[in-house]
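The next block holds one structure in the form of structure tokens; read it before the comments.
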Amino acid sequence: MQIDFAPSRQSTLGVEWELALVNARTGELVSVANDVLKGVAANHPDLNEDDEHPHIKRELLLNTVELVTGICETVKDAKEDLSRSLAAVREVTDPMGVEVFCAGSHPFSPPLLQPVTDKERYAKLIERTQWWGRQMVIYGVHVHVGIDRRDKVLPILDGLVNYFPHFQALSASSPYWAGEETGYASQRALMFQQLPTAGLPFQFETWEAYESYVQDMFTTGVIDATSEIRWDIRPVSNLGTIEMRICDGLATLEEVGAIAALTQCLVDEFSSILDAGGSIPTMPPWHVQENKWRAARYGMEAIIILDAEGNEQLVTEHLAETVARLEPVAAKLGCSEELSDVLKIIERGASYQRQRRVAAEHNGDLQAVVMDLVQQMRKGPDA
């Protein structure tokens, strides 16, 4: 099987931000995505009511809309793109008494009661995955970064895998599930990997080995399209990107920008190493798997494995060192301010930590947690 990779301008950017729709009074999830999307289309001068907005999309569940940027040169451009789309959504949701927020999961709405969007591919997913598929009331942020040569894609993927726990810890925002405290910083990370072909990516030495894997998935009926390979990091050949899908939902545009900047800088650093004839270190798969679990369980307090030799360090300490190392790359890419916002997340606490603080301040009331997330999206992380 031949998979053609359509090269992109190196380090161009695209971001996807999944938003939950909730009742503005109760904080319960509301399945009104179809009404929201019709309203958004009606307000767009070039669309009919039934047309799909170019930057505001349907998702698996009717309680979700997804904001999708165009191709951006800088993180600032991506944030401005998302801000415009969010404003277009609010123009429709505010009169409806609907709010939006973003976290890895909804703290208390029952997953099994959430209707699925009426699309054949979603119906097929639920039919195949049954109980696990019906649990997927989860939200994330995906970052695409352009790659200019196919032979860079898999080495860069391997490089990003080394930073899996960093992204997971920074974004962890799903400590509650169906009203229960899970004890995990990210319940979403472990829930999503129950789907076929989801979870950590396999690591291939050659593009031909990757093509052979995809062929096997088609031959054995595991997938009908390459987009059904739902790895936490994956190549997207038709777009010419590598897609970082690790992150839980992020509450604010500032945090989305921080994650996008970290992704863009790492990919650009790896690309430059490869251009110079260098190589990118990898870790054994069992180290990678352990890092994912540690970050999902302990978040910012995770002690992570750094290399094949088994050296370890607190994830926040290594993040601070990484941000310092990437500062010249960020200056080149025009995202120095956004990269420095990574340090603000560390100082402020990740979303799972903030959610637990709010719950403690309100005697365990998870409605207060949702309302706090709503206000963060409106006013910023220090709301």
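Numbering starts at 1 and runs along the sequence shown.
Under a 4.0 Å N-O distance rule, the pair Lys57/Glu16 does not qualify as a salt bridge. Classification of Asp268 and Lys332 as a salt-bridged pair holds, one side-chain N sitting under 4.0 Å from a carboxylate O. A salt bridge links Lys152 with Asp275; the closest basic N to acidic carboxylate O contact falls under 4.0 Å. A salt bridge is defined here as a Lys NZ or Arg NE, NH1 or NH2 lying under 4.0 Å from an Asp or Glu carboxylate O, and Arg128 with Glu228 fails to meet this definition. Contact check on Arg234 versus Glu243 returns a salt bridge, with a Lys/Arg side-chain nitrogen under 4.0 Å from an Asp/Glu carboxylate oxygen. Between Lys79 and Glu337, none of the side-chain N atoms (NZ, or NE/NH1/NH2) sits under 4.0 Å from a carboxylate O, so this pair counts as no salt bridge. Between Arg188 and Glu18 no salt bridge is recorded (no basic side-chain N to carboxylate O distance below 4.0 Å).
Under the 4.5 Å side-chain heavy-atom criterion for grouping Ile, Leu, Val, Met, Phe, Trp and Tyr, Val36 is not connected to Val116 through any hydrophobic cluster. At a threshold of 4.5 Å between side-chain heavy atoms, the hydrophobic network of Ile, Leu, Val, Met, Phe, Trp and Tyr places Leu195 and Phe164 in two separate groups. The hydrophobic clustering, which links ILVMFWY residues whose side-chain heavy atoms are closer than 4.5 Å, places Leu239 and Val267 apart.
Contact check for Ser351 versus Leu373: side-chain heavy atoms found under the 4.5 Å cut-off. Contact of the Glu338 side chain with the Thr74 side chain is not registered, since no non-hydrogen atoms from C-beta on lie closer than 4.5 Å. The closest side-chain heavy-atom distance from Leu125 to Arg230 is below 4.5 Å. Leu314 has its side chain within reach of Ile303: a pair of non-hydrogen atoms, C-beta onward, lies under 4.5 Å apart. The side-chain heavy atoms of Arg348 and Glu254, taken from C-beta on, include a pair separated by under 4.5 Å. With contacts defined as side-chain heavy-atom distances shorter than 4.5 Å, the pair Leu29/Leu113 does not qualify. Thr206 has its side chain out of reach of Leu154: every pair of non-hydrogen atoms, C-beta onward, lies at least 4.5 Å apart. Residues Ile305 and Arg294 form a side-chain contact, since some pair of their non-hydrogen atoms from C-beta on lies under 4.5 Å apart.
Pairs of residues two or more places apart, or lying in two chains, that qualify as ring pair (Phe, Tyr, Trp, His ring centres under 6.0 Å) and include a residue from residues 75-102 are Phe101-His106. Pairs engaging residues 58-91 under the ring pair (Phe, Tyr, Trp, His ring centres under 6.0 Å) rule: none recorded [sequence neighbours left out].
Atom OG of Ser174 and atom CE of Met191 lie 9.5 Å apart (nearest 0.5 Å). Atom CE in Met244 sits 7.5 Å away from atom OG in Ser171 (nearest 0.5 Å). Taken from CD in Glu73 to CG in Leu13, the straight-line distance is 9.5 Å, to the nearest 0.5 Å. One finds the CD atom of Glu59 at 10.5 Å from the CG atom of Leu19 (value rounded to the nearest 0.5 Å). Taken from CZ in Phe108 to CH2 in Trp177, the straight-line distance is 14.0 Å, to the nearest 0.5 Å. Taking CD of Glu327 as the start and OG1 of Thr322 as the end, the distance is 11.5 Å to the nearest 0.5 Å.
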Under 3.5 Å, which donor-acceptor pairs do the side chains of residues 82-97 form with other protein atoms, sequence neighbours left out?
residue	atom	partner	partner atom	Å
Ser85	OG	Asp81	O	3.4
Arg90	NH1	Glu99	OE1	3.3
Thr93	OG1	Val89	O	3.2
Asp94	OD1	Arg378	NH2	2.7

For this session: Evaluate the criterion salt bridge (charged side-chain N to carboxylate O under 4.0 Å, His left out) for residue pair Glu290 and Arg297; output intermediate values, then yes/no.
Result: CA-CA 11 Å; Glu290 174 64 14; Arg297 170 65 177 88; over 6 Å; no
For this session: Apply side-chain hydrogen bond (donor to acceptor under 3.5 Å, both in side chains) to the pair Thr282 and Gln203, showing each step before the final yes or no.
Result: CA-CA 9 Å; Thr282 60; Gln203 294 169 266; 5.2 Å; no
Exercise. Val143 and Gln264: side-chain contact (heavy atoms from CB on, under 4.5 Å), yes or no, with the steps?
Worked result: CA-CA 8 Å; Val143 181; Gln264 187 186 33; over 6 Å; no
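Note: Phe204 and Tyr213 have tilted aromatic rings, judged against thresholds of 30 and 60 degrees for the angle between ring planes. Relative orientation of the Tyr210 and Trp231 rings is tilted, given thresholds of 30° and 60° on the angle between their planes.
If you check the side chains of Gln194 and Gln135, you find no donor sitting under 3.5 Å from an acceptor. Of the N and O atoms on the side chains of Glu28 and Ser109, at least one donor lies less than 3.5 Å from an acceptor on the other residue. At a cut-off of 3.5 Å, with distance as the only test, no side-chain donor of Trp293 or Gln289 sits close to an acceptor on the other residue.
Within a 6.0 Å radius of CZ in Arg9, other residues, nucleotides and ligands contribute 12 heavy atoms or fewer. Surrounding CD of Glu180 are at most 12 heavy atoms belonging to other residues, nucleotides or ligands under 6.0 Å away. Other residues, nucleotides and ligands place more than 12 heavy atoms under 6.0 Å from the CD atom of Glu52. Applying the 6.0 Å contact sphere to CZ of Phe218 captures more than 12 heavy atoms from other residues, nucleotides or ligands. Heavy atoms of other residues, nucleotides or ligands lying less than 6.0 angstrom from CD of Glu127 number 12 at most.
With Asn291 contributing its side chain and Pro165 its backbone, the two residues share no donor-acceptor pair below 3.5 Å. Side chain of Ser173 to main chain of Asp248: no donor-acceptor pair is present (N/O by atom type, distance under 3.5 Å, no hydrogens or angles).
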